[in-house]
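Scroll down for the structure; my scribbles are underneath it.
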Amino acid sequence: MKPTQAALTAALRHQRYRRDIGRDRHSGAAASAPSDPAPFGPVINLMMFTQQISFGGVTGQVQVLTTGPTSELAINVYPGSIGSLPRIDFEGNSTAYSHDKLGAHHRWFIAFLDTFAAADSSTAIADLGLFLPGERTGFVPASGAADCPPSSIPKRWRCEQTNGR
């Protein structure tokens, strides 16, 4: 757990705007385009700003209405203000995620977060469970297409051509 905390702290120091990341992924004219149609992948957005705002004697609560378009999946984490809990929003591109699938991802994330928060600080992340109760049986044992035996690159290529991969 302690390495995770250190890694998150280091990541916050080096966070960059998605536009910068997109620019680094491409070169030439495509990099200067204001919008990147290619999905970037899941994004975790830590909204670590003050949730309360004061104007003289009046105190208000910040309410984020939108974080902009989502090309794939965005997880927005808002810290709780005094007397309230943190908020975790999942936003998904409707062409990639149905409402039910997005809800399932949210439930999996919250269950994992509960497990993570309850774990001892010496517990390795890999030792934490990822499945909801009763869900693991649907995934284990995992199976897939037969693999090719270890061999040279030309033999491997012929094997993949034969197996249709």
Side-chain angles (χ1 to χ4, degrees), residues 1-22 24-25 36-51 61-151 156-157 159-165:
M1 300 292 183
K2 289 182 182 179
T4 302
Q5 180 182 10
L8 283 172
T9 301
L12 283 173
R13 285 190 203 116
H14 299 287
Q15 65 184 337
R16 298 165 39 190
Y17 291 103
R18 288 183 56 142
R19 183 178 176 134
D20 295 339
I21 295 169
D24 290 350
R25 288 177 44 224
D36 182 6
F40 176 73
V43 172
I44 297 178
N45 193 0
L46 302 175
M47 308 290 236
M48 306 308 274
F49 55 84
T50 303
Q51 298 290 306
Q61 185 77 16
V62 174
Q63 295 292 326
V64 176
L65 300 178
T66 182
T67 56
T70 301
S71 65
E72 215 251 6
L73 175 67
I75 302 169
N76 300 315
V77 180
Y78 303 89
S81 57
I82 297 171
S84 70
L85 296 172
R87 187 176 98 205
I88 301 173
D89 294 341
F90 273 51
E91 297 176 354
N93 186 322
S94 61
T95 61
Y97 296 94
S98 68
H99 183 71
D100 291 341
K101 190 66 171 176
L102 199 57
H105 281 304
H106 189 263
R107 285 188 300 279
W108 288 324
F109 181 81
I110 296 299
F112 178 78
L113 190 58
D114 285 343
T115 302
F116 178 84
D120 184 76
S121 64
S122 63
T123 303
I125 299 294
D127 293 339
L128 299 177
L130 293 175
F131 296 103
L132 295 172
E135 189 177 51
R136 186 177 183 88
T137 57
F139 292 94
V140 177
S143 61
D147 198 8
C148 298
S151 63
R156 176 72 182 182
W157 186 81
C159 178
E160 293 207 14
Q161 295 301 313
T162 303
N163 288 338
R165 290 194 229 171

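Owing to the predicted nature of the structure, the values given are computational and were not obtained by experimental measurement. By convention here, the first residue in the shown sequence is residue 1.
Ring centroids of Phe90 and His106 are separated by less than 6.0 Å, placing the two rings close together.
Atom-to-atom distance recorded for Thr123:OG1 and Phe116:CZ is 10.0 Å, nearest 0.5 angstrom. Leu128 contributes atom CG, which lies 11.5 Å from atom CG of Asp114 (distance to the nearest 0.5 angstrom). Considering CD1 of Ile110 and NE2 of His105, their distance stands at 13.5 Å, rounded to 0.5 Å. For the atom pair OG1 (Thr70) and CG (Asn76), the distance works out to 7.5 Å, reported to the nearest 0.5 Å.
Scanning both residues, Thr115 and Gly129, for their nearest heavy atoms gives CG2-N, 4.4 Å. Summarising the geometry of Gly68 relative to Glu91, their closest heavy-atom pair is O-OE1, 4.3 Å, with the distance given to 0.1 Å.
Of the N and O atoms on the side chains of Asp100 and Ser98, not one donor lies less than 3.5 Å from an acceptor on the other residue.
Residues Leu113 and Ile88 form a side-chain contact, since some pair of their non-hydrogen atoms from C-beta on lies under 4.5 Å apart.
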Check: Is there a side-chain contact (heavy atoms from CB on, under 4.5 Å) between Leu102 and Leu73 once you walk through the steps?
Finding: CA-CA 9 Å; Leu102 199 57; Leu73 175 67; 3.5 Å; yes

Next item on the list: Quick one: do Thr137 and Phe131 satisfy side-chain contact (heavy atoms from CB on, under 4.5 Å)? Show the steps, please.
Entry: CA-CA 10 Å; Thr137 57; Phe131 296 103; over 6 Å; no

